[in-house]
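Following: one structure in structure tokens, then a few remarks.
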2 protein chains.
Amino acid sequence: MRLVIANCSIDYAGRLSAHLPLARRLLMVKNDGSLLVHSDGGSYKPLNWMSPPCTLAVAEPDERQREAGVVELWKVTHQKTADMLIVSIHDIEHDSRHELGVDPGLQKDGVEAHLQKLLAEQIERLGEGYSLVRREYMTAIGPVDILARDGSGASVAVELKRRGDIDGVEQLTRYLELMNRDPLLAPVTGVFAAQEIKPQARTLAEDRGIRCVLLDYDEMRGIDDGHSRLF
Amino acid sequence: MRLVIANCSIDYAGRLSAHLPLARRLLMVKNDGSLLVHSDGGSYKPLNWMSPPCTLAVAEPDERQREAGVVELWKVTHQKTADMLIVSIHDIEHDSRHELGVDPGLQKDGVEAHLQKLLAEQIERLGEGYSLVRREYMTAIGPVDILARDGSGASVAVELKRRGDIDGVEQLTRYLELMNRDPLLAPVTGVFAAQEIKPQARTLAEDRGIRCVLLDYDEMRGIDDGHSRLF
DNA sequence: TGCTAAATTTCGCCG
DNA sequence: CGGCGAAGTTTAGCA
């Protein structure tokens, strides 16, 4: 990600035409080439933007533009739609680059995060003698929703979903493969827990020795009594 | 605006509950206290955010959090809705502040910016002998949409709107008052041009000696033939 | 992959 | 200021 604070004016031509007069703004260039133009107010919506897939090209300002004070021209063009965003930069106050990596992404929820908390508290739902190690157990490829131990003390990795789909099984499989290479954890077994598990996902999971557990959200919330919160 | 690049995890509790696992992200704190959390991909929508009006408070992590690697805690709370966003910062890579000032705002348009270009090209629509001086003529209180000269060489300030309302007349009035104090420009007359002019706006404009001109977008575009673009 | 409907929607217009 | 509807909508779920 590249962050630029600059005096700039902006023209957009695409599904509509729009213009931003000269002012100091934040230009956020994401790794995929997409651009967001933010002011110091308003909501989360940028003043203007270009969605991926798109490419940013830096052009030389022509003489007329240079006379007008333009020192750099950015042309951001969309691959398919031919939308174009032109940033006329007059003055750069700040310019920095940062490696952010791929984001693990939002665990959104009217349910899922809560479900995770509930299952952590009611870990015995997975079986007699189960105990919680921790939620969001970090691995090199991302956090495992819940790490637990079964009655015999063996590690159990739990993948939690509201709707249990193939993707979730694949995800858990990757975690298990990685964790079973760690002698301190191995052997690690897997539990795929969800409110609803698609037949395909169940078949795949059981074929890989992953146990499927259906969770009753209302019942779990009933026990929890709803008094507790995330904080 | 404050820009922070940090390793952080984020919890949101409000209209829903959501969690962002630990990862490197951009935290954008706007002047109104609102917060945007961006990753290096996706669209213009942040991973998470808090809309204004809200306040950001920095808290000390407790012992358990400190052990988990949290060096700073941000609590962003919404004034009315009691929504809360908690940013657990593990590591700050970058932290900078920037004064951006108030943004003049987007001149959006399926029409207006295009209309401005078209009228600039077809300035004779305002009357015999009219000539364009320039679009976006800058004044101390903002840019006048179009500055032109009439057949006699007198300055004409044009305010352009899609829907001509009282506000537009007031705006043009302010420009006219300012410009008429400039001996190089004065006397400056005003033209209020729009696709549609509200009766109240027309009355006010004509009362102030401002001429109203109705623009036919399709007709103007027809003459322009659609071959030209903003660039 | 294409559609359908919700969104922590945001934004603008109209009363 | 509240309601209604569109958005360069975006996003998520489902066939």
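Since we're looking at a predicted model, the values are computed, not measured.
If you check every strand for non-hydrogen atoms under 4.0 Å, Thr81(B) touches nothing. Residue contacts for Met50(A): at a heavy-atom cut-off of 4.0 Å it reaches a base atom on one of the strands shown.
Rounded to an integer number of Å, the gap from NZ of Lys161(A) to P of dG13(D) is 10 Å. Atom NZ of Lys30(B) and atom C1' of dT10(C) are 12 Å apart (whole Å). Atom-to-atom, CD1 of Ile166(A) to P of dA15(D) comes out at 15 Å; the value is rounded to the nearest Å. Computed from coordinates, the His38(B) NE2 to dT10(D) C1' distance equals 13 Å when rounded to whole Å.
Nearest-nucleotide positions on DNA chain D place Trp49(A) closer to the 5' end than the other of Gly42(B) and Trp49(A). Nearest-nucleotide positions on DNA chain D place Lys45(A) closer to the 5' end than the other of Lys45(A) and Ser43(B). Each of Leu85(B) and Pro46(A) was matched to the nucleotide of DNA chain C holding its nearest heavy atom; the match closer to the 5' end belongs to Leu85(B).
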Can you check nucleotides 3-6 of chain C for protein contacts, nitrogen or oxygen pairs under 3.5 Å, and list what you find?
none

Between the protein and nucleotides 12-15 of chain C, which nitrogen or oxygen pairs come in under 3.5 angstrom?
{"residue": "dC14(C)", "atom": "OP1", "partner": "Arg163(B)", "partner atom": "NE", "Å": "2.5"}
{"residue": "dC14(C)", "atom": "OP1", "partner": "Arg163(B)", "partner atom": "NH2", "Å": "3.0"}
{"residue": "dC14(C)", "atom": "OP2", "partner": "Arg163(B)", "partner atom": "NH2", "Å": "2.6"}

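With sequence neighbours excluded, the residues that form a side-chain contact (heavy atoms from CB on, under 4.5 Å) with Ala6(B) are Val4(B), Leu27(B), Ile89(B), Ile92(B). Taking Thr139(B) as the reference, Tyr137(B), Ile141(B), Val144(B), Tyr175(B), Leu178(B), Met179(B) meet the side-chain contact (heavy atoms from CB on, under 4.5 Å) condition, with sequence neighbours excluded. Residues forming a ring pair (Phe, Tyr, Trp, His ring centres under 6.0 Å) with Trp49(A) (at least two apart in sequence, or on another chain): Tyr44(B). A search for side-chain contact (heavy atoms from CB on, under 4.5 Å) contacts involving Arg97(A) returns Arg2(A), not counting sequence neighbours. Legend: residues meeting ring pair (Phe, Tyr, Trp, His ring centres under 6.0 Å) with His98(B), ordered by chain and number and at least two apart, are His94(A). Residues that satisfy the side-chain contact (heavy atoms from CB on, under 4.5 Å) test with Arg211(B), not counting sequence neighbours, are Leu126(B), Tyr130(B), Val191(B), Val213(B). By the side chain to side chain donor-acceptor pair (under 3.5 Å) test, Glu170(B) is found to be paired with Arg208(B), residues two or more places apart in sequence or in another chain being considered.
Between the Asp165(A) side chain and the Asp167(A) main chain, no donor and acceptor come within less than 3.5 Å of each other. The backbone N or O of Met1(A) sits less than 3.5 Å from a side-chain atom of Asp40(B), completing a donor-acceptor pair.
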